[in-house]
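As structure tokens, the structure follows; a few thoughts come after it.
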Number of protein chains: 2
Amino acid sequence: MNTKKYTMENIKYYPFFGNLANPLKIRIVGMLKEKEMSVLDLAKELKEEQSKISHALKSLKNCAIVQMKQKGKQRIYHLNKETILPMLEILDQHESKYCKKCLAKGIK
Amino acid sequence: MNTKKYTMENIKYYPFFGNLANPLKIRIVGMLKEKEMSVLDLAKELKEEQSKISHALKSLKNCAIVQMKQKGKQRIYHLNKETILPMLEILDQHESKYCKKCLAKGIK
DNA sequence: ATTGTATATTTCTTAGTATTCATATGAACT
DNA sequence: AGTTCATATGAATACTAAGAAATATACAAT
């Protein structure tokens, strides 16, 4: 039916929000709100496999939701608070105002 | 491996961002930034089938990203600008600062 | 150079989501 | 009530992204 489905203008937000739409990734974001952590730290705290955490961190890093620094053999990840905190703040307000039902039940 | 994977606290953002992570849905949001529109208006402008638009609008409405009012037989949808505009604004800033590459290529 | 520790990558499978198509509902008008 | 236009719904299929498991790389210390 279509020739050109979407313009760059419109799809540009896609990969970014895709990260925040993933339960594991949002849990990682939740952890990193508190303090910066290594991959294994995250794996332990979240009770998930290391490779899974690495995968998640890679895509979070690709969209600059988290950033990384090397420390010996460890790689320490920290949240890009400048962007993410205000964004979650807006959502909290939205949620408390409009969206109790859908958020509680996970309706899409 | 896990018993309890995530708490409510952590997954609550999931359905909301899931909507913004979808190309069609974000295109709808893009259209509704300009003006409110009916389902068929959207279908025509975006060159997509009506049922597809309806499906997308349903999930957007479930998370209060759009709102709807009846007008004769038409249903007019409009954007929840209070939440969405500041959110896109934050992202634009983020993008121009950090994420040119990933956004251009759609890397996740 | 070898070992041990930390993280990343690759491939395959599975689960979750979107799309399609057919059909149903609902509202206005005759 | 029947017709038309506008929208929504449901079920089947097609996609895409996430998860699992095994393996590879990178670094530090000995």
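Heavy-atom basis, side chains included; hydrogens, waters and symmetry copies ignored. Proteins come first, then strands; the chains are lettered A, B, ... in the order of their sequence lines, and each starts at number 1. Since the structure is predicted, the reported quantities are computational estimates derived from the model, not experimental observations.
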Hey, does the side chain of [X] come within less than 4.0 Å of [N]'s phosphate (OP1/OP2), counting only N and O?
X: A/Ser51; N: D/dA22; value: no
X: A/Lys58; N: C/dA8; value: no
X: A/Asn22; N: D/dA18; value: yes
X: A/Tyr77; N: C/dA8; value: yes

Among [options], which nucleotide has an atom closest to any side-chain atom of [X]?
X: A/Lys52; options: D/dT9, D/dG19, D/dA21; answer: D/dG19
X: B/Gln74; options: C/dA8, D/dA6, D/dA21; answer: D/dA6
X: A/Gln50; options: C/dT9, D/dG19, C/dT7; answer: C/dT7
X: A/Lys25; options: D/dA6, C/dT9, D/dA18; answer: D/dA18

Inter-axis angle, terminal five-pair segments of the helix from C/dA1-D/dT30 to C/dT30-D/dA1 [nearest 10°]: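 Roughly 30° between the end axes, to the nearest 10°.
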
Upstream residue (5' side of DNA chain D) when B/Arg75 and A/Gln70 are each assigned their closest nucleotide: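 Final value for this comparison: B/Arg75.
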
Give me, pair by pair, the N or O atoms of the protein and of nucleotides 2-5 of chain D that are less than 3.5 Å apart, along with how far apart they are.
unit_1 : atom_1 : unit_2  : atom_2 : d
D/dC5  : O4'    : B/Lys73 : NZ     : 3.4

Side-chain-base donor-acceptor pair under 3.5 Å for B/His55 and C/dT17: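 Counting by modelled atom types and ignoring angles, no donor-acceptor contact under 3.5 Å is found here.
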
Contact check, side chains of A/Asn19 and A/Asn62, non-hydrogen atoms, under 4.5 Å: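 The answer is no; the side chains never approach within 4.5 Å.
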
Side chain to side chain, A/Ile26 and A/Leu20, heavy atoms closer than 4.5 Å: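 Answer yes - side chains close enough.
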
